[in-house]
Asks: 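For reference, the structure I am asking about is given below.
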Number of protein chains: 2
Amino acid sequence: MIRRRRRVTIADVAEVANVSAMTVSRVINNKDAIKPETRQRVMKVIDELDYAPNHIARSLTGSRSYTIGVIVVDIANPFFAEITAGIETVAWQHHYNVILCNTQEDPRRERQVMRMLEAKQVDGVIVCSTRLADDDLPRLLEMFPACLLFNRETTAKDANVVMLADAAGIVRLVEHLEAGGRRRLGMIAGGSRSHSAQARLDGFRSATNGDDALIEHIETAHIHTGFRAAQTLLARQPDLDGLVCHNDLAAVGAMQACMTHGKSVPGDIAVVGCDDIPLASLISPKLTTLRVDRRVLGELIARNLFAHIDGEQPTRRQVIRHQLVIRDSAP
Amino acid sequence: MIRRRRRVTIADVAEVANVSAMTVSRVINNKDAIKPETRQRVMKVIDELDYAPNHIARSLTGSRSYTIGVIVVDIANPFFAEITAGIETVAWQHHYNVILCNTQEDPRRERQVMRMLEAKQVDGVIVCSTRLADDDLPRLLEMFPACLLFNRETTAKDANVVMLADAAGIVRLVEHLEAGGRRRLGMIAGGSRSHSAQARLDGFRSATNGDDALIEHIETAHIHTGFRAAQTLLARQPDLDGLVCHNDLAAVGAMQACMTHGKSVPGDIAVVGCDDIPLASLISPKLTTLRVDRRVLGELIARNLFAHIDGEQPTRRQVIRHQLVIRDSAP
DNA sequence: TTGAAAGCGTTACCAA
DNA sequence: TTGGTAACGCTTTCAA
């Protein structure tokens, strides 16, 4: 059972300072005009009693809770952890706290979490890579005074959206490969249910007038799946001289497959990945890839939300481009 | 400016259902006895109006806020991200939310964050690797109905503690090396200000009756610092046949140095790390190291806190041992 | 089994 | 420049 020590209240301060609670309230909120003398006296008592306003009571009066909700599919995924770090930084600058909710890719849980956040009167939510159906989204999002969706479009009213330019990023990779003289490019594409996998594949197709024989799909992109996909692809198309991979892990596997196949990287074939995970610069040859500064991305997302909360006209839709990181695997 | 849509209140439900607010309250809390007929009617109205209790108002009445605070030095660090994932899982099972606070190793910010959390009436806090001074800790922690410290001891009353058995883990590594016939062991030790570095060093010393000539210090443990430290150590002690490294990154660098030095791993010299980062099983030879399941650790931490919150007698001090992961670098 | 009234700590509104 | 009163939405307490 919880036992909370009695807190000093505004009434305590008022009594000791010989003023009304209202006056104390005005002092701590810097509102209205207060006689400097009175203010001094109240401040002194606040200090002596170590008074701090009760945020719960404040929230109840209706204005703000100074809390936002952040919903992610998996906080243990460094991608979201870094975004969350950026969000938290900006939130704190705005004197806000973050309620972090991990949904583990479960849409049911996502729904419950949203209702809970609304019941706790958060001033806004940030939803990263939601798994909710398009139809459910508007009704849920519209419960909140402000909301922002990362990597998902929606018809919800007043929802802002921040998207990663996955397709454009892949196009740049392809252009880089072609500028390096590569003529026959293949792709190892990611899972069919993933939004970003679809976008990356679209980018590849549009940049290459994609021949489907040059594309190999893997459901989960990992080193060994990348390895096998590259083997299949090379068996089918021995003259490939460039390989675009859904992500860095797959690219690492693909490079191993190339070498097993007797092809040198980048001599005979160039390999590129996507995400710039730490491993990308630790292996040999170092991987050419796409990067987005995830902490900065989180900060940008949060700033967008707070613009909304603060009543400024926020950017409705923001698209963030990757940065091309050129290393040894495709110089 | 925030505009919050008017919520359905308990009074609305009461009016439509033709009962008092109290009856509605009893229904949603399953408290006291209610005539089944009345309960049915109230439930129906709740459903129709889509009523959900306002948690802020609930918290104000004094019992619980159903929110805990989690304070970490850096959520972008996968170590803490995974622990946080574990904590969040258990919190949600208890119908709790987590306010996540990132302190970026700044003790001042940590203090502010704690005051804020107290003002928001959290029912408990979990503080991971605090940078606060021993003297500040008790006063701050005692503001909360329940608190738990990870990897830090304290004299604060009613504070529970979960510690990682860093020293014991290193002892096990040393024993493993000695069982494998290694006779002359060196160590690459970590930063002087780090709690865990100190503990790991202590473990090494106690297990080897440590000769300081066999120990090399690095301020930040990374691949290149590990490389250089190993070089220095090998130059000084060419007959080393075992090397214990503060963490996996340093171990990776150390292995490279060994090979550069013409020593094969594990043939001529065994190398072990600590932490089991993803890279550890990706490089060759695969690294023998220490692991602790960080998600499970987070769950354990949270369960300890909730035991306290729920008034059970929680374990005052819990020590978590690493698991020895034997791979190729020290079979 | 149900209800009325008081209170949680704060702020909005109106009055002095 | 200050204070009284009434909310905010709920639960506790006491009474019926």
Side-chain angles (χ1 to χ4, degrees), chain A residues 1-43 45-46 49-67 118-121 123 145, chain B residues 1-43 45-46 49-67 118-121 123 145:
Chain A
M1 218 62 298
I2 289 183
R3 235 176 301 156
R4 215 180 283 278
R5 48 181 55 202
R6 185 185 181 289
R7 295 183 99 244
V8 177
T9 73
I10 205 171
D12 298 329
V13 176
E15 189 183 331
V16 175
N18 241 310
V19 292
S20 74
M22 263 320 294
T23 304
V24 179
S25 173
R26 280 190 266 254
V27 168
I28 55 186
N29 292 301
N30 276 320
K31 249 184 165 180
D32 304 341
I34 294 268
K35 210 201 292 179
E37 194 183 301
T38 315
R39 141 167 274 111
Q40 291 265 322
R41 186 153 38 99
V42 172
M43 294 282 262
V45 175
I46 286 176
L49 300 187
D50 196 25
Y51 165 75
N54 181 331
H55 260 270
I56 294 289
R58 269 193 175 167
S59 303
L60 189 57
T61 51
S63 55
R64 298 182 169 204
S65 65
Y66 286 93
T67 307
E118 196 271 337
K120 288 199 176 167
Q121 302 272 72
D123 299 339
Chain B
M1 220 64 295
I2 291 182
R3 234 174 303 154
R4 214 179 286 275
R5 48 181 54 201
R6 185 185 181 289
R7 296 181 100 246
V8 176
T9 73
I10 203 171
D12 298 330
V13 176
E15 190 183 332
V16 176
N18 242 311
V19 293
S20 75
M22 256 325 291
T23 304
V24 179
S25 173
R26 280 190 266 253
V27 168
I28 55 186
N29 292 302
N30 275 321
K31 249 185 166 181
D32 303 343
I34 294 266
K35 208 201 296 179
E37 192 185 301
T38 315
R39 140 168 275 113
Q40 289 266 325
R41 187 152 37 97
V42 171
M43 294 282 260
V45 175
I46 286 177
L49 301 188
D50 196 26
Y51 166 75
N54 181 330
H55 260 270
I56 295 289
R58 268 193 175 167
S59 304
L60 190 57
T61 50
S63 54
R64 297 181 170 206
S65 65
Y66 285 94
T67 307
E118 196 272 336
K120 290 199 175 167
Q121 302 271 72
D123 299 338

Asks: Specify the closest pair of heavy atoms between P53(B) and A119(A), including all atoms of both residues, with the distance to one decimal.
Replies: O-CB, 3.6 Å
Asks: Rounded to whole Å, please give me the gap between CZ in R4(A) and P in dC8(C).
Replies: 15 Å
Asks: Could you state the interatomic distance from CE (M43(B)) to CD1 (I34(B)), rounded to the nearest 0.5 Å?
Replies: 10.5 Å
Asks: To the nearest 0.5 angstrom, please state how far the CD atom of E118(B) sits from the CG atom of N54(A).
Replies: 8.5 Å
Asks: Closer than 3.5 angstrom, by distance alone: can the side chain of R26(A) be matched with the main-chain N or O of R39(A) as a donor-acceptor pair?
Replies: no
Asks: Any sub-3.5 Å donor-acceptor pair from K120(B)'s side-chain atoms to Y66(A)'s backbone N or O?
Replies: yes
Asks: If I take atom NE2 in residue H55(B) and atom C1' in nucleotide dC8(C), what distance separates them, rounded to the nearest angstrom?
Replies: 17 Å
Asks: V8(B) and D50(B): side chain to side chain contact (heavy atoms under 4.5 Å, CB included), yes or no, with the steps?
Replies: CA-CA 8 Å; V8(B) 176; D50(B) 196 26; over 6 Å; no
Asks: Under 4.0 Å between any heavy atoms, over every strand shown, what does L60(B) touch: base, sugar-phosphate, or nothing? Just pick one.
Replies: base
Asks: In this structure, how many angstroms lie between the C1' atom of dT2(C) and the CD1 atom of I28(B), rounded?
Replies: 16 Å
Asks: Which residues in residues 15-27 of chain B have at least one heavy atom lying under 4.0 Å from any atom of DNA chain C?
Replies: V19(B), S20(B), M22(B), T23(B), R26(B)
Asks: CD of Q40(B) versus C1' of dT1(C): gap in Å, rounded?
Replies: 16 Å
Asks: Working to the nearest 0.5 Å, report the span between OG1 of T61(A) and CD1 of I56(B).
Replies: 10.0 Å
Asks: Assign S59(B) to base, sugar-phosphate, or nothing according to its heavy-atom contacts below 4.0 angstrom with the strands shown.
Replies: nothing
Asks: Taking all non-hydrogen atoms of both residues, which atom of A21(B) and which atom of A14(B) are closest, and how far apart?
Replies: N-CB, 3.6 Å
Asks: Through what angle, rounded to 10 degrees, does the axis of the helix from dT1(C)-dA16(D) to dA16(C)-dT1(D) turn between its ends, using five pairs per end?
Replies: 40°
Asks: Let me confirm one number: the CD-CZ distance from Q121(A) to R7(B), rounded to the nearest 0.5 Å.
Replies: 5.5 Å
Asks: Please report the distance, rounded to the nearest Å, between NZ in K31(A) and P in dC13(C).
Replies: 8 Å
Asks: Can you tell me how far apart CG (D12(A)) and CD1 (I46(A)) are? Round to the nearest 0.5 Å.
Replies: 12.0 Å
Asks: At what distance, to the nearest 0.5 angstrom, does CZ of R4(A) lie from CZ of R64(B)?
Replies: 9.5 Å
Asks: Rounded to the Å, how far apart are R64(A) CZ and dA12(C) C1'?
Replies: 17 Å
Asks: Rounding to an integer number of Å, can you tell me how far N54(A) CG sits from dG9(C) C1'?
Replies: 6 Å
Asks: Shoot me the first and last contacting nucleotide of DNA chain D against chain B, ordered 5' to 3', at under 4.0 angstrom to non-hydrogen atoms.
Replies: dG9(D) to dT12(D)
